[in-house]
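To find a chain, count down the sequence lines: A is the first, B the second, and so on, and within it residues start at 1.
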Protein chains: 2
Amino acid sequence: MVVDQLSETELDRLFQALADATRRDIVRRVTVGEYSVSGLATLYAMSFAAVQKHVAVLQRASLITKEKRGREQIVRGNHDGLQKARQLLDEYEAIWRQRVERIADILAEK
Amino acid sequence: MVVDQLSETELDRLFQALADATRRDIVRRVTVGEYSVSGLATLYAMSFAAVQKHVAVLQRASLITKEKRGREQIVRGNHDGLQKARQLLDEYEAIWRQRVERIADILAEK
DNA sequence: CTGATCTACAACCATTTGGTTGTAGGATAT
DNA sequence: ATATCCTACAACCAAATGGTTGTAGATCAG
């Protein structure tokens, strides 16, 4: 079952987005609750613009979505993005398991 | 169950390492079979040194291991690294699921 | 209307990344 | 012994990354 393939570029963006502690923290937080961009910005020891950039990176990677509400932008977690990253790693692991089993089989044939 | 936590820096390296198509391909290949560094180098349209760097990045991220055999370095997949990346994403997903269930509960209470 | 708040975006800077070529050393084959 | 193969590593370069400050447009409160 090949599930909804992501292009290599999309995978690049996905993993790149997850490769930063601040961004992983944002993902964690907006998965649990709702935050505006400025709400997030208060949490980290960096400028508003820097946080804004991190949010943009996460959005390009489809890990979060933004929705305008009044003068605020509400940031929410996007389940699909996460799931797809996990699925790829699952596939790698499945291949690994197959290999381990194949070796076990070969040993069993002795 | 919190399983064998990775530091933020280690997670940075892990996801950073996976954020490149060539490196993901190397992970896939060495998970299935065995390759020397030069064996890998023949597969890609780039210099030997470039592939060597990619392998180094994967090694720093604990996604592969190298073992000297004669004049060659044999590259092998490292299951642990993969598994840890997947576990983190699993945790994110678990949090997400809890949130969805909580919302469902709230709606059910109406 | 005015002032404060939230956001977007440009310009800039230092560091990292992903590639290159070149040099050198250890292992193998003839 | 010598030539070849595999690897390590340094130096270099262009582009991307992660941060900054500054400016400007919407929206909200008084």
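- Nucleotide dA8(C) holds its C1' atom 15 Å from the CD atom of Glu72(A), rounded to whole Å.
- The nearest whole Å value for the distance from the CG atom in Asp12(A) to the C1' atom in dG18(C) is 12 Å.
- A distance-only check finds no donor-acceptor pair linking the side chain of Ser38(B) to the backbone of Ala41(B) [under 3.5 Å].
- Protein chain A touches strand DNA chain D; the 5'-most and 3'-most nucleotides with an atom under 4.0 angstrom of its non-hydrogen atoms are dG18(D) to dC28(D).
- Rounded to an integer number of Å, the gap from Ile74(B) CD1 to dA27(C) P is 15 Å.
- In this model, the phosphate group of dA8(C) is approached by a side-chain N or O of Lys66(A) to a distance below 4.0 Å at OP1 or OP2.
- The pair Lys66(B)-Glu72(B) fails the salt-bridge criterion, with no side-chain N (NZ, NE, NH1 or NH2) lying under 4.0 Å from an Asp/Glu carboxylate O.
- The interatomic distance linking Asp25(B) (CG) with dG18(C) (P) rounds to 15 Å, in whole Å.
- A heavy atom closer than 4.0 Å to some atom of DNA chain D occurs in Met46(A), Ser47(A), Ala49(A), Ala50(A), these being the qualifying members of residues 35-51 of chain A.
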Expected rows: protein N/O vs nucleotides 2-4 of chain C N/O, under 3.5 Å:
none

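- The side chain of Gln52(A) places an N or O atom within less than 4.0 Å of a non-bridging phosphate oxygen (OP1 or OP2) of dA8(C).
- Between Arg13(B) and Glu8(B), no side-chain nitrogen of the basic residue sits less than 4.0 Å from a carboxylate oxygen of the acidic one, so the salt-bridge criterion is not met.
- Ion pairing between a basic and an acidic side chain is recognised when a charged N comes within 4.0 Å of a carboxylate O; Arg29(B) and Asp25(B) show such pairing.
- Checking Val57(A) against Gln73(B), the closest nucleotide of DNA chain D that is more toward the 5' end is the one next to Gln73(B).
- For dT16(C), neither phosphate oxygen OP1 nor OP2 lies less than 4.0 angstrom from any side-chain nitrogen or oxygen of Gln16(B).
- For dA27(C), neither phosphate oxygen OP1 nor OP2 lies less than 4.0 angstrom from any side-chain nitrogen or oxygen of Arg69(B).
- Here the side chain of Arg23(B) pairs no donor or acceptor atom with the backbone of His54(B) at under 3.5 angstrom.
- For the pair Arg24(B) (side chain) and Leu18(B) (backbone), a donor-acceptor distance under 3.5 Å is present.
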